[in-house]
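Proteins come first, then strands; the chains are lettered A, B, ... in the order of their sequence lines, and each starts at number 1. Treat the numbers as computed from the prediction; the structure is a model and nothing was measured.
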2 protein chains.
Amino acid sequence: MLNAAERKEKIIEILKEKKAVKILSLSKMLKVTRETIRKDLYELEKEGLIKKIHGGAVLDLPNQESDYERRKTKNLEAKRAIAKEAAKHVEDGDIIYLDYGTTTYLLAEELLKLKNITVVTNTIPIVNLLLRSDSVNLVILGGMVRKNEDSLYGPFASNNIKNIYVDIGFFGCGGIDSFSGITNHHIGETEISKEMMSHCQNKIILADHSKFGTTAFNQTATFSDVDIIITDKDIDEEIKSEILKHNVEVVIAKGASGGEENDD
Amino acid sequence: MLNAAERKEKIIEILKEKKAVKILSLSKMLKVTRETIRKDLYELEKEGLIKKIHGGAVLDLPNQESDYERRKTKNLEAKRAIAKEAAKHVEDGDIIYLDYGTTTYLLAEELLKLKNITVVTNTIPIVNLLLRSDSVNLVILGGMVRKNEDSLYGPFASNNIKNIYVDIGFFGCGGIDSFSGITNHHIGETEISKEMMSHCQNKIILADHSKFGTTAFNQTATFSDVDIIITDKDIDEEIKSEILKHNVEVVIAKGASGGEENDD
DNA sequence: TATTTTTCTTTGCAATTGCTAATATACTGA
DNA sequence: TCAGTATATTAGCAATTGCAAAGAAAAATA
């Protein structure tokens with residue numbers, strides 16, 4: 001009927017629809033014995049396409065993770081605590097901007113529960129997350145796609161920013177220091193962030209403890225440009241006093257612990 | 001240690017990382033017995049979060065399919081044949097526009113093999129598809145998200161179109177008729193398509209046989225506006241002669257068969 | 001504190017699955 | 001056609017898992 005290669009293709013096809021298949025049901029579907037299927041699965045596993053489980057198999061396609069997706073899991077607890085704290089500042093009906101970064105993604109997860117908010121963003125994973133929500137209006141600034149970072153930047157976005165104003169802007173960052181202020185790595189993204197800053201009524205910075213005392217390449221804002229900084233641990237006194245000098249509120253989100261790496 | 005609810009959360013968390021877990025390993029990880037885990041899994045399955053398999057479980061998150069994703073599988077063979085034919089018109093180095101619709105998505109799949117092309121689009125699934133390609137530059141027009149259709153439209157996109165010109169534009173459609181020309185359903189999307197038409201050097205319409213003889217709400221273009229129409233079957237003589245009158249090339253893509261439903 | 005309820009563990013056995021090696025069948029090339 | 005090779009089946013047994021029911025522990029309630 002089918003040769004080994006066809007059978008394996010069929011197995012992959014079946015696995016793509018169902019999450020998992022039993023060897024026995026495969027053997028019935030493809031009309032070969034248990035042992036033949038087992039051999040097929042063994043080979044498919046060696047090829048890295050599936051993963052064998054007791055009595056069957058599940059798909060294990062090589063899902064190319066972007067750098068962005070990898071970063072999302074770093075300092076997760078701290079970021080989630082910050083996101084939960086940030087979410088408290090959003091009310092039903094608000095129009096908000098979610099900047100680049102992984103912490104803003106976690107904030108988007110929290111916002112799923114709110115009703116009738118409008119989210120402006122240029123981060124593709126945030127778009128995909130909010131796409132299936134009935135209660136969130138979504139607006140995308142547009143622009144050139146930055147591969148591996150899943151973000152948009154450039155003149156398309158700049159043009160659109162000129163015409164809009166939002167209630168709150170939530171900004172991630174690459175570094176915060178008393179000397180350099182709030183900095184980020186990518187010049188194109190930084191440009192968009194800067195422009196959005198002047199179109200947000202309130203500006204809130206989300207920065208886990210690993211960001212303090214470090215400086216990235218491009219300045220997004222000085223302390224006097226922002227209203228609130230949310231972090232997860234008490235921060236260095238020198239930086240803190242510098243921040244407070246500029247009338248910025250510093251909020252420590254509760255419920256995080258551990259983690260040291262600076263990733264953004 | 002952990003109560004039932006915490007345990008279940010943990011199980012989901014573990015499942016999100018690994019594709020599948022064995023009951024035995026869960027029982028060791030969470031330090032409860034096999035039977036306890038089995039009960040947890042039974043309940044998680046009832047909640048629809050996982051699927052039990054022999055000896056373990058796999059994740060089964062409710063992946064809400066959009067209308068767009070559902071439509072993608074209709075008339076698939078015809079659309080894929082059209083997409084393959086359309087791909088022949090694209091050369092390395094081209095800058096192209098991919099309009100709304102599911103046929104343009106299939107074209108994007110074909111284009112993955114090409115090098116150094118730039119794709120302008122406003123269809124989110126196309127963005128997600130091309131995001132992981134190293135060889136395709138991606139530009140997004142931006143705009144308001146149309147939920148369930150995974151597309152963007154509105155003034156943000158319009159503003160950006162004013163400044164760009166592309167080599168080829170590939171357009172899907174809702175209907176083609178001798179009386180109404182090329183029509184589409186959504187007024188916002190149609191507006192964007194129309195504007196893009198006048199910024200493409202070549203305009204190619206992708207329309208499977210089900211679109212001919214039907215009319216949607218908004219006119220995107222007259223026949224004299226377009227250069228090529230690619231379809232999958234010989235089309236009605238009356239419509240054909242009307243199309244040819246306007247100096248439009250009609251291409252029949254080979255390799256498709258069957259399917260009748262009009263979906264877009 | 002005693003009692004009830006809920007949650008988790010233990011136990012024993014049937015059913016299913018994994019594994020190995022031997023056998024049968026289908027395909028290939030001289 | 002016939003050996004030689006690759007592919008699929010069969011078979012037997014050990015190991016794992018599923019299931020149901022009873023017992024133990026923990027938590028809630030009075």
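- In this structure, I23(B) places its CD1 atom 16 Å from C1' of dA15(D), rounding to the nearest Å.
- One interatomic measurement links the two molecules: CD of E6(A) to P of dA26(C), which rounds to 17 Å at whole-angstrom precision.
- Look at T33(A) and you won't find any side-chain N or O under 4.0 angstrom from OP1 or OP2 of dA8(D).
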Item checked: N128(B) and N128(A): CA distance, side-chain angles, deciding distance, side-chain hydrogen bond (donor to acceptor under 3.5 Å, both in side chains) verdict -> CA-CA 9 Å; N128(B) 286 323; N128(A) 287 322; 2.8 Å; yes

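- Taking the ring axis of F171(A) as reference, the NZ or CZ atom of K203(A) does not stay both within 45° of it and closer than 6.0 Å to the ring centre.
- Contact check, R7(B) against dC8(C): a side-chain N or O comes under 4.0 Å of OP1 or OP2.
- Of the residues in residues 46-59 of chain A, H54(A) come within less than 4.0 Å of DNA chain D through at least one heavy atom, sorted by number.
- For R34(A) against dG18(C), a side-chain N or O and a base N or O form a donor-acceptor pair under 3.5 Å.
- Side-chain N/O atoms of D92(B) and N116(B) include no donor and acceptor closer than 3.5 Å.
- Computed from coordinates, the Y42(B) OH to dC8(C) P distance equals 16 Å when rounded to whole Å.
- For the pairing with C173(A), the side chain to side chain contact (heavy atoms under 4.5 Å, CB included) check across L206(A), D99(A), I182(A) returns one residue only, I182(A).
- Rounded to whole angstrom, the span from the CD1 atom of I37(A) across to the P atom of dT10(D) amounts to 13 Å.
- Here the C1' atom of nucleotide dA22(D) and the CD atom of E35(B) are 13 Å apart, to the nearest Å.
- Minimum atom distance to the side chain of R38(B) is reached by dC19(D), of the listed dC19(C), dC8(C), dC19(D).
- Using a cutoff of 4.0 Å between basic side-chain nitrogens and carboxylate oxygens, D232(A) and R80(A) are not scored as salt-bridged.
- For the residue pair S66(B) and N148(B), no side-chain donor N or O sits within less than 3.5 Å of a side-chain acceptor on the partner.
- A cation-pi arrangement is absent between K52(B) and Y42(B) under the rule of less than 6.0 angstrom and at most 45 degrees off the ring axis.
- Note: CG (D40(B)) to P (dC19(D)) measures 15 Å, nearest angstrom.
- Ranking dT17(C), dG18(D), dT9(D) by closeness to the L24(A) side chain, first place goes to dT17(C).
- Of the candidates dT17(C), dG18(D), dT9(D), the closest approach to any side-chain atom of K22(A) belongs to dT17(C).
- Here the P atom of nucleotide dA20(D) and the NZ atom of K39(B) are 15 Å apart, to the nearest Å.
- The interatomic distance linking L26(B) (CG) with dT17(D) (P) rounds to 11 Å, in whole Å.
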